[in-house]
2 protein chains.
Amino acid sequence: MDSAVARERALDAAEELFYGRGVRSVGMDDVRGSSGVSLKRLYQLFPAKEQLVEAYLERRDARWRGQLAEYVERYGEPRERILAVFDWLGRWFGEPDFRGCAWINAYGELGATSPRVAGQVRAHKRAFRDYLTSLVEAAGLPGPLAGQLFLLAEGAMVTAGVTRSAEPAAEAREAARLLLEVA
Amino acid sequence: MDSAVARERALDAAEELFYGRGVRSVGMDDVRGSSGVSLKRLYQLFPAKEQLVEAYLERRDARWRGQLAEYVERYGEPRERILAVFDWLGRWFGEPDFRGCAWINAYGELGATSPRVAGQVRAHKRAFRDYLTSLVEAAGLPGPLAGQLFLLAEGAMVTAGVTRSAEPAAEAREAARLLLEVA
DNA sequence: TTGACGCGAGAACGAGCGTTCTCCTACCGT
DNA sequence: ACGGTAGGAGAACGCTCGTTCTCGCGTCAA
């Protein structure tokens, strides 16, 4: 098996397991069993579990933000694009294996003990906030609005994760709509 | 040492350690060392670690909601009371040992593996949301506003925890003020 | 053909930790 | 004074898990 293929399979299995059950309750042996990549190979690709965790978060970050941007870009009107963010969140929340925001979960689990993971979480959230800022600016709306929309989105992610419901996306969307109106 | 005293000391130590470093990275021996309560006594009071965790969350829940209500009650005007929630959050975020919302963190760490902890998190969040609902109703404001304020508060807690900053409280307060105006 | 090498399977090692056990001391009622 | 009991200190036990090691097999170049 090619090294690149083994890496992708390992990351696929790691992502499903880490996201679904938490990082610490998944052993390297679980990743091996789920991916079919031997322990020896796993440790060649990722010298320690923490690096597998980092690679998981990094790859998921790229995909998550990519898919969000792809969805938003279907809309032309700047204000619609902002609201589309919340529509996309609602679709995400409704996926059958949705278990909350992977970064918020990882932060709760590892933030206090792993500075590298904590840094990745901060970077991901900063990137998401910056993206909202760019949408707000493109709509010619006041800058502080971006932070407020960001808080709504974060609150929706947390609440959807804890309550296992997609409804917070609609609530956040409505609040965002009102804030756009006022601004 | 009295049993009740030992219980409080154990919970004090457990709370500081669990909240500050996460649950799983704190051993029962750490709790013993920090509390001065022997392992034998600890296991008499809490037959397993999970029960100590539950007691920690339960006691903190009572205190957290009590202190919030106490703060809010200083204000007479219904809309001021709503905004006071965010002021209180800002004070909390500014405390030197603030490490985010204990329940969100616990959910990220244990939600996938401990149904009892997950249930406590849901109960705590539901109680907080219900409290906001009561404030909104007392102000004669539309019901859906409560959910929107709740999302703002949750987003502020997460963001303050991840970024180690008290500013999200002010951002959320401003968004709340705008939503109150519109409603 | 052969020997060096890469790899998978799985055992092995060592640390951490939840939980229990041992042993000893101090105190209590009588 | 003394037997019984509660409690503390800390060793011990068993399990999990990250990480490494062993062994045996197949492959490929010379």
Side-chain angles (χ1 to χ4, degrees), chain A residues 1-57 105-106 108-117 120, chain B residues 1-57 105-106 108-117 120:
Chain A
M1 191 195 306
D2 191 329
S3 233
V5 174
R7 191 187 157 87
E8 285 309 297
R9 289 204 190 162
L11 282 172
D12 288 344
E15 177 160 8
E16 185 174 333
L17 293 168
F18 288 160
Y19 179 66
R21 314 200 325 234
V23 172
R24 291 183 93 138
S25 66
V26 170
M28 293 297 275
D29 209 58
D30 297 322
V31 176
R32 186 200 52 162
S34 207
S35 67
V37 176
S38 73
L39 278 180
K40 189 178 248 180
R41 203 85 110 106
L42 273 181
Y43 277 92
Q44 279 170 6
L45 295 163
F46 309 97
K49 187 184 181 184
E50 178 159 20
Q51 315 203 27
L52 178 58
V53 175
E54 288 170 29
Y56 143 61
L57 289 175
N105 291 343
E109 200 178 351
L110 307 167
T113 51
S114 166
R116 296 180 65 91
V117 168
Q120 273 183 291
Chain B
M1 192 197 303
D2 191 329
S3 234
V5 175
R7 191 186 157 85
E8 285 309 297
R9 289 203 190 163
L11 282 172
D12 288 344
E15 178 161 8
E16 185 173 334
L17 292 169
F18 288 160
Y19 179 65
R21 313 201 324 234
V23 171
R24 292 181 93 137
S25 65
V26 170
M28 292 298 274
D29 208 58
D30 296 323
V31 176
R32 186 201 51 163
S34 206
S35 66
V37 177
S38 72
L39 277 181
K40 189 178 250 180
R41 204 82 111 99
L42 273 181
Y43 276 92
Q44 280 169 5
L45 295 162
F46 309 96
K49 187 186 181 183
E50 178 159 19
Q51 315 204 25
L52 177 59
V53 175
E54 288 171 28
Y56 142 61
L57 289 175
N105 291 344
E109 201 178 348
L110 307 168
T113 52
S114 167
R116 297 181 64 90
V117 167
Q120 274 184 289

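Since we're looking at a predicted model, the values are computed, not measured. Throughout, protein chains are lettered first and strands after them, A, B, ... in sequence-line order, and every chain is numbered starting at 1.
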- Message: Which heavy atom of F46(B) sits nearest to which heavy atom of R7(B), and what is that distance?
- Response: CE2-NH1, 3.5 Å
- Task: Quick one: pull up CZ in R21(A) and CG in D30(A) and give me the separation to the nearest 0.5 Å.
- Result: 5.0 Å
- Task: Report yes if the side chains of S34(A) and E16(A) come closer than 4.5 Å at any heavy-atom pair, otherwise no.
- Result: no
- Note on the structure: Output for pair (E50(B) CD, T113(B) OG1), nearest 0.5 Å, gives 8.0 Å
- Message: Below 4.0 angstrom, which residues in residues 28-47 of chain B have at least one non-hydrogen atom near DNA chain C?
- Response: M28(B), L39(B), K40(B), Y43(B)
- More than 12 heavy atoms from other groups under 6.0 Å of CZ on R24(A): yes
- Could you tell me whether the side chain of V53(B) reaches within less than 4.5 Å of the side chain of Q120(B), counting heavy atoms only? no
- Item | DNA chain C contacts among residues 6-17 of chain A, heavy-atom distance under 4.0 Å | none
- Message: Closer than 4.0 angstrom, basic N to acidic O: yes or no for E54(A) and R116(A)?
- Response: yes
- Query: Between F18(B) and L52(B), does a side chain to side chain contact (heavy atoms under 4.5 Å, CB included) hold up when you go through it step by step?
  - Reply: CA-CA 10 Å; F18(B) 288 160; L52(B) 177 59; 4.1 Å; yes
- Query: Taking 4.0 angstrom as the limit, do D29(B) and R32(B) come out as a salt bridge?
  - Reply: yes
- For DNA chain D, which nucleotides open and close the run of contacts to chain A, 5' to 3', at under 4.0 angstrom from a non-hydrogen atom? dG18(D) to dT22(D)
- Query: Would a distance-only check, ignoring hydrogens and angles, find a side-chain to backbone donor-acceptor pair under 3.5 Å from E109(A) to V23(A)?
  - Reply: yes
